[in-house]
2 protein chains.
Amino acid sequence: MDTPAKERNTKQKRLILDCMKSSGRHMNVEEIYGIIKKHDEKISIATVYRNLRMLEQQGVVKKLYMAEDSPSFYEFNDNGEHTHHHLVCSRCGAIIDFEEDLLESLEKTIEEKKGFKIKDHRVVFYGLCRECREAEK
Amino acid sequence: MDTPAKERNTKQKRLILDCMKSSGRHMNVEEIYGIIKKHDEKISIATVYRNLRMLEQQGVVKKLYMAEDSPSFYEFNDNGEHTHHHLVCSRCGAIIDFEEDLLESLEKTIEEKKGFKIKDHRVVFYGLCRECREAEK
DNA sequence: TTATGTGCAAAGCGTTTGCACTTTA
DNA sequence: TAAAGTGCAAACGCTTTGCACATAA
């Protein structure tokens, strides 16, 4: 049997969770840290990283795969109710959520053809958002 | 008018390209460096990074988005003939190419609903490869 | 009271850069 | 011979870690 993890409910963790929940959006660690610092002057960014890592392992929070060379993004995990994907505008950097899972048929095909059992997917689309398309005209 | 880039055909660049072409697979920078070092004892990893960056900007090589906290992968770009996606086995770490683009209908929907013009996509599926599924039984 | 979490500063790791030197064209 | 590329070592940015101290249970 696994020793159950005895996890503590610290002020810092509460702040991080509140921040993630109330934002409801993807945020990078620097942003989260900035917001929390207003409520706890002394908090260390190492604590933010540590808590986010734990929360991710528990599935409370999701770590996102955005552009390669950018800091990590996190968002509150709505318990897999509906997966969403991200659209990243390559002109203005906007990140737009796209709430729809049309990947199912693709995933079925992959399982059939490759014998690969898909558990998760990371899908990011890059392109131009509506505003930038208009601005470019 | 843009000043045309006067690019040089160095031994180092040739080695890198040969390595990428003949492998025909995704490789991380450390791997590429290791292989090239057999042919050029003195090459610096900074040169590998520099060349890969330039080759990527020219579209000769493609930078891949695998797991978040892992080093960058590159692969020779077959000129967009057929895009392929990657399946990453979360048990053994195998990376399997999946040559098929069933994303088109999804992309069409996104353009209609969001006014977002998709130029590129990064799609990675995580799960269990055939071997690991069998091993787990 | 004690295991767990914290803050701090230092280290880690992949990647980039400044600079003097070499090479390509 | 001049512009472009190189090797080296130092710097970078994001993230993790070691350690002494603080805190939740």
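Worth knowing before you read on, the calculation uses all heavy atoms, side chains too, and leaves out hydrogens, waters and symmetry mates. The sequence lines fix the lettering, A, B, ..., with proteins before strands; numbering per chain opens at 1.
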J.: In the single-linkage hydrophobic clustering (I, L, V, M, F, W, Y; side-chain heavy atoms under 4.5 Å), do B:L64 and B:Y74 co-cluster?
T.: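 No, separate clusters.
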J.: For A:L15 and C:dG5, what is the distance between atoms CG and C1' respectively, to the nearest whole Å?
T.: 14 Å
J.: With a cut-off of less than 4.0 Å, is there a side-chain N or O of B:N51 near OP1 or OP2 of D:dT6?
T.: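 Yes, B:N51 has a side-chain N/O under 4.0 Å of OP1/OP2 on D:dT6.
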J.: Whole angstrom is fine here: how far is it from OH in A:Y74 over to P in D:dC14?
T.: 14 Å
J.: So that I can tick it off, tell me whether B:E111 and B:K117 are bridged by a salt bridge, with the cut-off set at under 4.0 angstrom between side-chain N and carboxylate O.
T.: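 B:E111 and B:K117: salt-bridged.
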J.: Let me know, please, whether B:K42 or B:R8 comes out on the 5' side of the other along DNA chain D by nearest nucleotide.
T.: B:R8
J.: Measure the shortest side-chain to side-chain distance between A:N77 and A:V61 over non-hydrogen atoms and say whether it is less than 4.5 angstrom.
T.: no
J.: Separation of B:I36 atom CD1 from D:dG7 atom P, in whole Å?
T.: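 Atom CD1 in B:I36 sits about 10 Å away from atom P in D:dG7.
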J.: Heavy atoms under 4.0 Å, any strand shown: does A:I43 hit a base, just sugar-phosphate, or nothing?
T.: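 If one applies the 4.0 Å heavy-atom cut-off, A:I43 turns out to touch the sugar-phosphate alone, with no base involved.
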J.: Looking only at side-chain N and O atoms, does A:S72 come under 4.0 Å of OP1 or OP2 in D:dT15?
T.: yes
J.: Do B:L87 and B:Y126 have side chains that get closer than 4.5 Å, going by heavy atoms?
T.: no
J.: Of B:K11 and A:T10, whose closest DNA chain D nucleotide lies nearer the 5' terminus?
T.: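 Between the two, 5'-proximity favours B:K11.
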J.: Go through D:dC14, D:dG7, C:dG7 for me and flag the one nearest to the B:D40 side chain.
T.: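 Comparing D:dC14, D:dG7, C:dG7 against the side chain of B:D40, the answer is D:dG7.
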J.: Just how far, in rounded Å, is C1' of D:dT6 from CG of B:L52?
T.: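 Atom-to-atom, B:L52 to D:dT6, this comes out as 15 Å.
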J.: Expressed as a whole number of angstroms, how long is the span from A:Q57:CD to C:dG5:P?
T.: 12 Å
J.: Using a cut-off of less than 4.0 Å, is there contact between a side-chain N or O of B:Y49 and OP1 or OP2 of C:dT16?
T.: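 No, no such contact exists.
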J.: Would you tell me if any nitrogen or oxygen in the side chain of B:T47 comes within less than 4.0 Å of OP1 or OP2 on D:dG7?
T.: yes
J.: Just call it for B:Q12: base, sugar-phosphate, or nothing, with non-hydrogen atoms closer than 4.0 Å on any strand.
T.: sugar-phosphate
J.: Quick check against the 3.5 Å criterion: does B:S22 have a side-chain atom that pairs as donor or acceptor with the backbone of B:D18?
T.: yes
J.: Taking salt bridge (Lys or Arg N to Asp or Glu O under 4.0 Å) as the cut-off, I'd like each qualifying pair that reaches into residues 43-58 of chain A, sequence neighbours left out, listed once.
T.: none
J.: Polar-atom pairs under 3.5 Å, protein N or O versus N or O of nucleotides 17-22 of chain C: list them with distances, or write none.
T.:
residue	atom	partner	partner atom	Å
C:dG18	O6	B:R50	NH1	3.3

J.: I need the OH-C1' distance between A:Y33 and D:dT15, as an integer number of Å.
T.: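 My rounded result for the distance is 14 Å.
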J.: DNA chain C: A:N9 or B:V29, which has the more 5' nearest nucleotide?
T.: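 It is A:N9, whose closest nucleotide lies nearer the 5' terminus.
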J.: With distance as the sole test, does B:R25 use its side chain to make a donor-acceptor pair with the main-chain N or O of B:E75 at under 3.5 Å?
T.: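 No; judged by distance alone, with no hydrogens or angles, the pair does not exist.
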J.: Please report, rounded to the nearest Å, how far the C1' atom of D:dG7 is from the CD1 atom of B:I45.
T.: 13 Å
